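Keep in mind that this is a model prediction, so the values were computed, not measured. Each chain gets a letter, A, B and so on, in the order the sequences are listed, and its residues count up from 1. Because only heavy atoms are used, hydrogens play no part in the values below, and waters and symmetry mates are left out as well, while side chains stay in.
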Amino acid sequence: MALADMRSPIESGCPDGFQYMHPTMRRNFGLWKYHEQPRGGVMCHVAHSGDKVWTVKAGTQRILDLFTLRKLTEIGDKYGEGHIHFTLRSNIEYFVTEESKVQPLIDALEGAGFIVGGTANSVAMISHTQGWLHCDIPGTDASGVVKSMMDELIDDFKNCNMPNRVHITTSCCQINCGGQGDIAINVQHTKPPKINHDLVGNVCERPTVVARCPVAAIRPAMVNGKPSLEIDEKKCICCGACFPPCPPMQINHPEHSKLAIWVGGNHSNARSKPTFQRLVAAGVPNNPPRWPEATAIVKQILQAYKDGAKDWERINDWIERIGWPRFFEVTGLPFTKYHIDNWRGSRNSLNASTHIRF
Amino acid sequence: MAKKIYETPMLDELENGPWPSFISGFKRLRDDHPDERINTVVSGLLGQLEHSYETRKGYWKGGTVSVFGYGGGIIPRFSEVAEAFPESKEFHTIRVQPPAGNHYTTDMLNQLADSWEKYGSGLVTFHGQTGNIMFIGTDTENTQHFFDDINEYGWDLGGAGPCVRTAMSCIGGARCEQSCANEHGIHRHLVNEFVDDVHRPALPYKFKFKVSGCPNDCQNAIERSDFAVIGTWRDEMKIDQDEVKAFVEKKGRDYVLDNVTSRCPTNCMKLNDDNTLTVDNHECVRCMHCLNVMNKALSPGDDKGVSILIGGKRTLKIGDLMGTVVVPFKKLDTAEDYEELVEMAGDIIDFFAENALEHERTGEMIERIGLVNFLEGVGIDVDPNMISSPRQCSYVRMDGWDEEAEKWFARKAEQAAG
């Protein structure tokens with residue numbers, strides 16, 4: 001196409017959401033009074049005006065094919081009121097203004113294979129990343145891990161049986177695009193990258209790669225007469241940060257790229273300040289197509305939380321109350337030297353007191 | 001020519017079980033979609049994905065693809081195993097900014113589906129982790145065609161690379177009684193001021209805005225964004241004592257003592273003998289817990305505004321950082337208030353652009369130079385709400401103490417004068 005034929009973009013940015021918003025929600029914007037949760041997957045919000053909106057939330061496969069997307073819109077037209085909202089965790093939400101429409105909408109969604117749930121104190125949809133399907137640096141797949149886990153956690157998604165909500169996330173490398181979670185399942189590499197010295201000089205901007213390393217373990221070197229990079233393997237923490245700017249620093253490995261499990265990340269300011277997730281298990285095999293070992297540990301943690309936590313305690317609140325020694329006891333997970341942090345600021349995570357539970 | 005069908009024994013395992021299967025969706029496109037372009041590209045994709053499952057490795061590499069006039073917004077993907085799976089050798093994702101609050105009509109979703117059916121693979125996600133609609137899988141030429149098509153009816157690309165990224169905001173005022181801010185307005189005012197910085201990546205690294213209407217922070221803004229705007233209030237929370245009584249009646253006093261008053265992080269509440277509630281609002285930190293539990297009885301106050309926290313991000317490179325308070329409270333009622341907000345965001349982005357090292361996030365820059373240097377750089381006065389506790393270490397030169405104390409008293413006098 002000749003340059004003259006190219007069309008200049010309209011830099012409209014983020015569209016106005018009000019044009020797509022349900023009219024009852026638009027009319028009552030900022031004027032809501034309270035909500036109730038009649039059952040899993042359903043909320044009823046009541047405005048000061050007396051208007052009511054019922055939300056029906058459903059989990060999907062997230063990577064939607066167009067047949068599925070059209071099925072979802074068809075349900076929205078036939079059983080909903082034509083307005084849709086997607087949540088942060090990629091659930092679909094329909095809005096209706098008459099209670100009598102709720103059950104037929106649920107029936108239509110369930111009849112088409114979608115899973116109604118994910119509200120209140122449920123295990124919410126696992127938030128996940130792209131993985132082997134589309135990422136350029138993934139250590140695992142995301143959609144497959146999530147599909148396998150949600151198959152097992154489906155009852156906890158549909159029903160509100162947990163002490164408080166549980167947000168699970170997965171990430172395919174240590175950049176952790178999946179984000180913090182009450183439980184996070186993230187790739188953890190265990191061996192330094194293998195360098196293809198034939199390619200580094202042509203493919204990588206070497207100073208950028210050197211600068212990217214969090215522990216200064218990479219330095220420029222001539223290898224076999226070619227400009228390349230070398231790694232001090234004693235210093236290397238196997239984080240994979242060098243791999244995105246320099247693909248010949250191959251960090252992913254079918255055996256040595258493992259999964260690690262972290263708990264207690266909580267975004268909310270409710271009760272305690274927001275918290276970051278903490279390491280609890282590692283060395284978990286990256287085992288497609290169904291990753292049973294990772295799911296088993298997640299279920300172990302969920303069971304201990306369900307048995308031990310008080311109402312409204314998120315996983316971090318529960319552990320704060322019972323203490324970490326008890327956490328390892330009730331989950332049966334091993335406590336190792338790797339659980340003791342040595343990164344900057346790590347002294348703050350040590351127990352500088354005689355506050356010890358016996 | 002009949003399309004090649006690859007064997008996918010491992011992926012087939014993901015068609016079992018009750019949760020909706022993305023693999024079944026892919027196969028529907030491969031087997032039932034009439035358009036050869038779509039059914040062959042998805043066939044190749046299934047082949048490559050199975051290969052990844054078998055070998056436990058990814059086979060996509062990046063590249064440089066954008067649309068005319070922009071420098072970003074596309075995640076280019078070229079297959080490293082294109083000889084084996086040529087159908088999906090180019091498989092770029094187009095990042096499109098969602099409307100504030102992620103609202104859609106079924107008609108608009110169908111229109112987007114029609115456009116994607118013309119130019120793409122037929123795979124789409126609402127939304128990716130940054131918040132974009134991800135139209136997954138098209139070639140370089142159709143990237144332009146698809147963008148031209150949807151750009152005509154109101155959709156624009158999001159950010160990718162070292163730039164201002166697509167923003168996110170919660171459903172907020174559209175449905176939630178806890179909303180303390182116009183999340184919609186804040187989201188669009190902020191990100192749409194910086195469309196140039198979204199589309200033409202030229203910053204040291206990414207810069208993200210996220211907006212949550214209350215301290216429950218459903219958008220994970222404090223953990224995940226460089227510029228977190230959180231709705232809050234500064235007068236007294238509202239208490240409907242009749243509803244408090246009704247709640248105590250229904251749940252029992254023990255439940256309220258165990259789950260409401262004793263969970264308050266500052267012990268600022270008391271359940272009285274007559275089943276009413278007394279709150280010492282001066283001690284309340286707006287954590288939201290009691291409002292979450294008793295949402296019919298307790299509500300945010302009337303004097304609403306936002307807190308702004310700067311510098312949140314995940315591990316790479318120096319470790320996880322939460323956003324920290326830079327503006328404890330700001331009213332957002334008038335057009336001038338919004339102008340000030342946008343201006344402050346501009347100052348922060350300019351300072352970031354000039355002072356951050358390559359691939360350094362805002363929070364890391366602040367960690368390196370210290371919060372005070374950052375505040376002085378962007379022209380914001382210090383405030384004790386910015387810290388958990390004052391300095392612990394005596395190793396600091398403080399010969400400017402008298403002047404700094406003067407400034408504090410001068411500011412206090414100014415505030416008192418209104």
Side chains of B:R28 and A:T68 only: does a donor on one sit below 3.5 Å from an acceptor on the other? yes
Cut-off 3.5 Å, side chains only: do A:S268 and B:D217 have a donor facing an acceptor? no
Less than 4.5 Å to any heavy atom of chain B: does that hold for the side chain of A:N266, its backbone, both, or neither? backbone
Winner by heavy-atom pair count (cut-off under 4.5 Å) against chain A, out of B:F22, B:F147, B:F91: B:F22
Could you check if a side-chain atom of B:R314 sits within less than 4.5 angstrom of a side-chain atom of A:Q174, using non-hydrogen atoms only? no
Any luck finding a side-chain donor-acceptor pair between A:S127 and B:Q129 under 3.5 Å? yes
Between A:R70 and B:D114, is the salt bridge (charged side-chain N to carboxylate O under 4.0 Å, His left out) condition met? List the steps. CA-CA 10 Å; A:R70 290 193 200 281; B:D114 291 344; 3.1 Å; yes
Which distance, rounded to the nearest 0.5 Å, do you find between the CZ of B:R77 and the SG of A:C135? 5.5 Å
I'd like to know which of B:C264, B:A181, B:G17 tops the heavy-atom pair count under 4.5 Å against chain A. B:G17
Quick check: A:F86 with B:H103 (ring centres under 6.0 Å apart)? no
To the nearest 0.5 angstrom, please state how far the CG atom of B:L316 sits from the CG atom of A:N176. 11.0 Å
Counting only non-hydrogen atoms closer than 4.5 Å, does A:T275 touch chain B with its backbone (N, CA, C, O), its side chain (CB onward), both, or neither? backbone
Donor on one side chain, acceptor on other, B:D320 and A:Q180, under 3.5 Å: yes
Segment of A:E11 engaging chain B (4.5 angstrom heavy-atom cut-off): both
With respect to chain A, which residue among B:E360, B:M168, B:E152 yields the maximal number of heavy-atom pairs within a distance under 4.5 Å? B:E152
Structural part of B:M10 lying under 4.5 Å from a heavy atom of chain A: both
dist A:S8:OG -> B:Y70:OH (nearest 0.5 Å) comes out at 9.5 Å
Check whether B:L291 gets within reach of chain A through its side chain, its backbone, both or neither, counting any heavy atom under 4.5 Å. neither
Quick one: pull up OG1 in B:T105 and CD in A:E81 and give me the separation to the nearest 0.5 Å. 14.0 Å
Which region of A:T60, side chain (C-beta onward) or backbone (N, CA, C, O), has a non-hydrogen atom less than 4.5 Å from a non-hydrogen atom of chain B, or is it both or neither? backbone
Honestly, the part of A:W343 sitting under 4.5 Å from a heavy atom of chain B is side chain
Side chain from CB out, backbone as N, CA, C, O: work out which of these in A:R212 comes under 4.5 Å of a heavy atom of chain B, or both, or neither. both
Taking the side chain as every heavy atom from C-beta outward, state whether A:S148 and B:L14 have any pair of such atoms under 4.5 Å apart. yes
Of all of B:L157, B:I38, B:T106, B:V67, which one pairs up most often with chain A through heavy atoms under 4.5 Å apart? B:T106
Picking from B:C218, B:P265, B:P215, B:P9, which has the most non-hydrogen pairs under 4.5 angstrom with chain A? B:P215
Which bit of A:M125 comes within less than 4.5 Å of chain B, counting heavy atoms only: side chain, backbone, both or neither? side chain
Could you label the plane-to-plane angle of the A:F157 and B:W19 rings as parallel, tilted or perpendicular, counting under 30° as parallel and over 60° as perpendicular? perpendicular
Could you tell me whether A:H83 and B:Y104 have their ring centroids closer than 6.0 angstrom? no
Could you tell me if B:H127 and A:S90 have a donor-acceptor pair between their side chains, going purely by distance under 3.5 Å? no
Go through the atoms of A:P247 and report whether side chain, backbone, both or neither lie under 4.5 Å from a heavy atom of chain B. neither
Contact origin within A:C213 toward chain B - heavy atom pairs under 4.5 Å: backbone
Please determine, among B:L123, B:L49, B:N216, B:V195, the option with the most heavy-atom pairs under 4.5 Å with chain A. B:N216
Can you say whether A:F95 sits under 4.5 Å from chain B via the side chain, the backbone, both, or neither, judging by heavy atoms? side chain
Cut-off 4.5 Å, heavy atoms of chain B, and the answer for A:Q130 is side chain
Quick check on B:L109 against chain A: is it the side chain, the backbone, both or neither that has a heavy atom closer than 4.5 Å? both
Contacting moiety of B:V293, where chain A heavy atoms sit under 4.5 Å: both
Distance col, row A:H253:NE2 vs B:R56:CZ, nearest 0.5 angstrom, shows 10.5 Å
Honestly, the part of B:D32 sitting under 4.5 Å from a heavy atom of chain A is both
Under-4.0 Å salt bridge between A:R7 and B:D148: yes
What orientation do B:H33 and A:F67 show, parallel under 30°, tilted 30 to 60°, or perpendicular over 60°? tilted
Could you measure the distance from the CH2 atom of A:W32 to the CD atom of B:Q178? Nearest 0.5 Å is fine. 13.5 Å
B:C176 versus chain A, the contacting section by heavy-atom distance below 4.5 Å: backbone
